[in-house]
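One structure is given below, represented as structure tokens, and several questions about it will come after.
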Amino acid sequence: MSGYDTKTIEPKWQKAWDEALTFRATRSGDKPKYYVLEMFPYPSGRIHIGHVRNYTMGDVIARYKKSTGHNVLHPMGFDAFGMPAENAAMASGGHPKDWTYGNIDTMVAQMKPLGFGLDWSRMFATCDPEYYGQQQSMFIDFMEKGLVYRKNATVNWDPVDMTVLANEQVIDGKGWRSGAEVERRELTQWFFKISDFSEELLDAIDGLDDWPEKVKLMQRNWIGKSRGLQFAFESVDGGDPIEVYTTRPDTLMGASFVGISPDHPLAKELAETNEAVAAFRAECQKGGTTEEALEKAEKLGFDTGLKVKHPLDPTWELPVWIANFILMDYGTGAIFACPAHDQRDLDFSRKYDLPVISTFAPAMGEAGTFILPEDGGPAYVPPKPETVRYLLPIAGGEAMTGEAAVDAAIDRAEKEGWGTGVTKFRLRDWGLSRQRYWGCPIPVVHCDACGVVPEKKENLPVQLPDDVTFDVPGNPLDRHPTWRDVPCPSCGKPARRETDTMDTFVDSSWYFARFTAPRAETPTNMTEAEYWMNVDQYIGGIEHAILHLLYSRFFARAMHICGHLPESAIEPFDALFTQGMVTHAIYKTTGPDGRPVYHYPEDVDLKDGKGFLKDGTEVEIIPSAKMSKSKNNVVDPMDIIDRYGADTARWFVLSDSPPERDVEWTSAGAEAANKHLARVWRLSADIAEGNDTGSDDEALLKEMHKAIDDVTKGIESFGFNAAIAKLYAFTNTLARAKAGRAARRQAVMTLAQLMSPMTPHLAEEVWSMQGGEGLIADAAWPVADATYLVEDTVTLPIQINGKRRSEITVSKDADKAEVEKLALADDAVARALDGRAPKKLIVVPGRIVNVVI
RNA sequence: GCCCGAGUGGCGGAAUGGUAGACGCAGCGGAUUCAAAAUCCGCCGGUAGCAAUAUCGUGUCGGUUCGAGUCCGACCUCGGGCACCA
């Protein structure tokens, strides 16, 4: 007997599936369809064990759904535009295109030996002109429908390299290559009008029943609907009124100053004549553009000397300050500050010695050790639904919730005519312009006579030129000698192409739709889209909870408006599952220069939880760290396949941790997985050669049907680790079973079927060893027989005052009175009661008995 | 700074508000073997006890409940996102 030989088994069955076109997605018959999709990878170079986990989960679902009678679509492609390709070209020459397609070839070659049931015939990369040409065509459709526009927006500017930087290229406020202090600079950029859909994208979240609550909550907060008051502060000095928006109009009597953004038109106007203002504005331009950088930056202010009137008291004059923490993008770019109830405003007021006035305090009785902010306490910011005691109410009573007070304040302002209740959203329009080469060119032309004109559709795709270099910073499209020069699509006179390319989030916002008809001459094919959409199960990382998923939801709506998707597909992902990362310990020592040295796992011997190098030096073990090349803790799936086979890798990434949590890769765990699969193989071989004697067939059947039931439920609920635990238990049962050959053969074939979504090669091998008909991949999923699932008796734990003290065994349909009688007769209970009657007796049928004494 | 999660034995983890620790790893003991590997069997949260058993125990502190890993509040630590990483 040759043993469990993955190097023979795995290629054999992969070939069999290929030849039988087992995983080719078809619309045949009257079967229901099922579309399962994992977030497609960026072609970084090699596949990562995290990819293996992600695609294995999808494959389990895909194979399971196929065996329950669905037409399954399970495609794969590559999110192939983006910065790393340009960085590689800058670092080591070559061309982003060659680098990217080379990586794709490598990664496909690495994925195939893993035996995923994918329809490879549908594969594409977003950098294929056939794909991005269709994207350009849709961009033009979006323009026609008014979903795209241009406006100014801030970017990170490196003043030394004279180039725009991505947020990740700004490190501690400095450019990553030049080290120069980064500035914020305005450029005219293209935007998608996602904000037109704010309300709709928010409301529709309620219908996403099979999305994780946390993702829905994150999206709701991101869209950020708020109700507030918009009103104007009249100028004392005869200038224009300053419009402000506030979500806390109830704190108006606590106003300390009026703040405007450094980018507010008034600030810009002042800067023209006032050098100090101009200098302050320049100071505020320093640093990166991220919200985090802005929030964490030191609060800076500049007193303009201007004064405005308080709307409720014309004699009350408030100073106007320019403050760096006020965003022009949100509200009106101007606020009134209430330091008593906002920590940022309080920090600012203390720094610049501005007044602090509390408008409310904790409700009576809850005051305790409360210190008012004006007396040195922190800003008092209770949740809005909490009742507080108003010291300076502007409307309504003294004790109110913040919510009620805000409503009352808006009512008063509207009645008196000095303000309006306004609903605003935090969600900003989607800026898609990138000043980079390796992306989808924006298909427009700038003409001196006609302005901005979309390219003619028959001229699409607007292809990236191949003859570019990356030896100097900046966008190669900008300095290409001829690429920019084109005739105006409208008047035919010489004009210039747009040199900005699209954000790569655009590429990934509709690939799922393209998979339904990947070679269509239009972005989608309606027949195919109607049949396959929506994605029934989408699987990916939690890091995409907001941007990618929100942009895709917007895109599906925009595509529907332009006739590229049916209305039923405007929420493209019916169910979402977010999986955790695969982590691995880091082995670290400290070098002679005091800097950390990271060691490869194969160089470290593990003993009793400690790690040692070959020379005996003990290494520090940092567990569960994100895999990173610089930390030498990356596990290469190809090494695992080579050593143990694909099924072991697949089994392990599913077995050790719940799928939504991170899993730590350990060599011990991989070995254990491999041992178990070898054991199943031996068990099958034994049974195939075994004899017919035995009894207890009934007991084995019972366990088998329980296993079918448990594993089916486990797969359906993404409890893969729990399903695998049941499979271990059932394997143990089968190995020890004294049943006859027929019953054991049936059991091992069922075991193979239950394992087949996770370890498909081994499952096929066992199936064929036992003389199963056809491929296990085509076999119908086993169904549990309910008659085997019911137990005749149940064991009930007995608690005394909530602590387990004993147990009784009763028949499964014993009524409450009978259980009570048996419980009271129990020795432990009788001892504890000592003749007294229990205070209370709780019987939860089939669950527990609790005697309260 | 803001938003969202997660914390259970030596380790990964299981547990519709109802027996905390299923299953796996490591460890310990045994069988098999000339020996080893492989395999098979048994034990395995802490403390006390020969044992029966008692007692403590799910990041920390409090609360709701007959009963809390699970629900509520505060805090600590770690992770994800913050609009140009993908």
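Quantities reported herein were computed from a predicted structural model and do not represent experimental measurements. Below, read A as the first sequence line, B as the second, and so on, with proteins coming before strands; counting in each chain starts at 1.
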>> Quick check against the 3.5 Å criterion: does A/Asn324 have a side-chain atom that pairs as donor or acceptor with the backbone of A/Leu300?
In response: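 Pair found, side chain donor or acceptor close to backbone of A/Leu300.
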> In whole angstrom, what separates A/His48's NE2 from B/A86's C1'?
Replying inline: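 Between C1' of B/A86 and NE2 of A/His48: 13 Å.
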> Quick one: CG on A/Leu327 to CZ on A/Arg428, what's the gap to the nearest 0.5 Å?
Replying inline: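 Reported to 0.5 Å precision, the distance equals 7.5 Å.
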> A/Phe325 vs A/Phe348 aromatic rings, parallel, tilted or perpendicular, using cut-offs 30° and 60°?
Replying inline: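 Perpendicular: the ring planes of A/Phe325 and A/Phe348 meet at over 60°.
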> When you measure from the side chain of A/Arg804, which nucleotide among B/G5, B/C23, B/A20 comes out closest?
Replying inline: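 Closest nucleotide to the A/Arg804 side chain: B/A20.
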>> Measuring from the side chain of A/Val852 (C-beta onward, heavy atoms only), which nucleotide among B/C4, B/C66, B/A86 has the closest atom?
In response: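 For A/Val852, the side-chain atoms sit closest to B/C66.
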> A/Asp329 CG to B/C2 C1': how many Å, rounded?
Replying inline: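 Atom CG in A/Asp329 sits about 16 Å away from atom C1' in B/C2.
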> Which comes earlier along RNA chain B counting from the 5' end, the contact point of A/Leu187 or that of A/Asn732, where each point is its nearest nucleotide?
Replying inline: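 Result: A/Asn732.
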> Can you tell which of B/C66, B/C40, B/G80 lies closest to the side chain of A/Ile842?
Replying inline: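 Nearest to the side-chain atoms of A/Ile842, counting from C-beta on, is B/C66.
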> Given that A/Glu295 and A/Arg426 both sit by RNA chain B, which one's nearest nucleotide is further toward the 5' end?
Replying inline: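 Looking at the nearest nucleotide for each, A/Glu295 comes out on the 5' side.
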> Does any N or O donor sit under 3.5 Å from an N or O acceptor when you compare the side chain of A/Gln169 with the base of B/C84?
Replying inline: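 By the distance-only test, no, there is no pair.
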> Tell me: CH2 of A/Trp438 to P of B/A86, nearest whole Å?
Replying inline: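 Distance, rounded to whole Å: 13 Å.
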> If we call it a pair only when both distances are under 3.5 Å in a Watson-Crick or G-U wobble match, what pairs with B/A68?
Replying inline: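 Looking at the geometry, B/A68 pairs with no nucleotide.
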> Atom CG of A/Leu217 to atom P of B/C4: distance rounded to whole Å?
Replying inline: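 Taking atom P of B/C4 as the reference, CG of A/Leu217 is at 5 Å.
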> Can you check whether A/Asn221 has a side-chain N or O nearer than 4.0 Å to OP1 or OP2 of B/G81?
Replying inline: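 Negative; the distance criterion is not met.
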>> Using only modelled atom types and a 3.5 angstrom limit, is any donor from either the side chain of A/Asn850 or the base of B/C66 paired with an acceptor on the other?
In response: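 Side chain to base: pair found, below 3.5 Å.
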> Of all the nucleotides listed (B/G24, B/U19, B/G80), which has the minimum atom distance to the side chain of A/Glu807?
Replying inline: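 Nearest to the side-chain atoms of A/Glu807, counting from C-beta on, is B/U19.
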> Using the C1' atom in both, what is the distance from B/G57 to B/C4, to the nearest Å?
Replying inline: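 To the nearest whole Å, 30 Å.
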> A/Glu703 has an atom CD; how far is it from atom P of B/A22, in whole Å?
Replying inline: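 These atoms are roughly 17 Å apart.
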> Between atom CZ in A/Arg220 and atom P in B/G81, what is the gap in whole Å?
Replying inline: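 Distance, rounded to whole Å: 21 Å.
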> In Watson-Crick or G-U wobble terms, both distances under 3.5 Å, what is the partner of B/C40?
Replying inline: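 B/G30 - that is the nucleotide pairing with B/C40, both distances being under 3.5 Å.
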> Hey, does the side chain of A/Arg434 come within less than 4.0 Å of B/C84's phosphate (OP1/OP2), counting only N and O?
Replying inline: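 Yes.
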>> Quick check on B/A20: is either OP1 or OP2 less than 4.0 Å from any side-chain nitrogen or oxygen of A/Lys803?
In response: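 So the side chain of A/Lys803 is outside the cut-off, no N or O lying under 4.0 Å from OP1 or OP2 of B/A20.
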> Any idea how A/Trp430 and A/Tyr551 line up, ring-wise: parallel (<30°), tilted (30 to 60°), or perpendicular (>60°)?
Replying inline: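 Ring orientation of A/Trp430 relative to A/Tyr551: parallel.
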> Among the nucleotides B/A83, B/C23, B/A86, which one has an atom lying closest to any side-chain atom of A/Met83?
Replying inline: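 Of the candidates, B/A86 comes closest.
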Which side-chain N or O atoms in residues 717-729 of chain A pair as donor and acceptor under 3.5 Å with protein atoms at least two apart or in another chain?
{"unit_1": "A/Ser717", "atom_1": "OG", "unit_2": "A/Lys713", "atom_2": "O", "d": "2.9"}
{"unit_1": "A/Ser717", "atom_1": "OG", "unit_2": "A/Gly714", "atom_2": "O", "d": "3.4"}
{"unit_1": "A/Tyr728", "atom_1": "OH", "unit_2": "A/Trp651", "atom_2": "NE1", "d": "3.4"}

> Considering only B/U39, B/A86, B/G24, which nucleotide approaches the side chain of A/Lys675 most closely?
Replying inline: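 That would be B/U39.
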> Reckon A/Leu427 touches a base, only the sugar-phosphate, or nothing at all at heavy-atom distances under 4.0 Å?
Replying inline: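 Base contact.
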>> Just the rounded figure in Å: distance from P of B/C4 to CG of A/Leu549.
In response: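 Value for this atom pair: 17 Å.
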>> When both hydrogen-bonding distances must be under 3.5 Å and the geometry is Watson-Crick or G-U wobble, what is B/G1 paired with, if anything?
In response: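 B/G1 is paired with B/C82.
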> Do A/Arg805 and B/U19 have a side chain to base donor-acceptor pair shorter than 3.5 Å?
Replying inline: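 Donor-acceptor pair under 3.5 Å: no.
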>> I need the NZ-P distance between A/Lys299 and B/G1, as an integer number of Å.
In response: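 A/Lys299 atom NZ is separated from B/G1 atom P by 10 Å.
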>> Does the structure show a Watson-Crick or G-U wobble partner for B/G7, both distances under 3.5 Å? Name it, or say none.
In response: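 Partner of B/G7: B/C76.
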>> Only pairs with both distances under 3.5 Å count, Watson-Crick or wobble alike; so what is the partner of B/A15 in this structure?
In response: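 Matched B/A15 with nothing under the 3.5 Å cut-off.
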> Using purine N1 to pyrimidine N3 plus N6-O4 or O6-N4 for Watson-Crick, or N1-O2 and O6-N3 for G-U wobble, both under 3.5 Å, which nucleotide pairs with B/G21?
Replying inline: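 Looking at the geometry, B/G21 pairs with no nucleotide.
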>> Taking only side-chain N and O atoms of A/Arg847, does any of them lie within less than 4.0 angstrom of OP1 or OP2 on B/G17?
In response: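 So the side chain of A/Arg847 is outside the cut-off, no N or O lying under 4.0 Å from OP1 or OP2 of B/G17.
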> Is the distance from OP1 or OP2 of B/G5 to the nearest side-chain N or O of A/Lys214 less than 4.0 Å?
Replying inline: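 It does not, given that no N or O in the side chain of A/Lys214 lies less than 4.0 Å from OP1 or OP2 of B/G5.
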>> Between A/Asn721 and B/A14, is there a contact of a side-chain N or O with OP1 or OP2 at under 4.0 Å?
In response: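 Answer yes for this pair, as a side-chain N or O of A/Asn721 is under 4.0 Å from OP1 or OP2.
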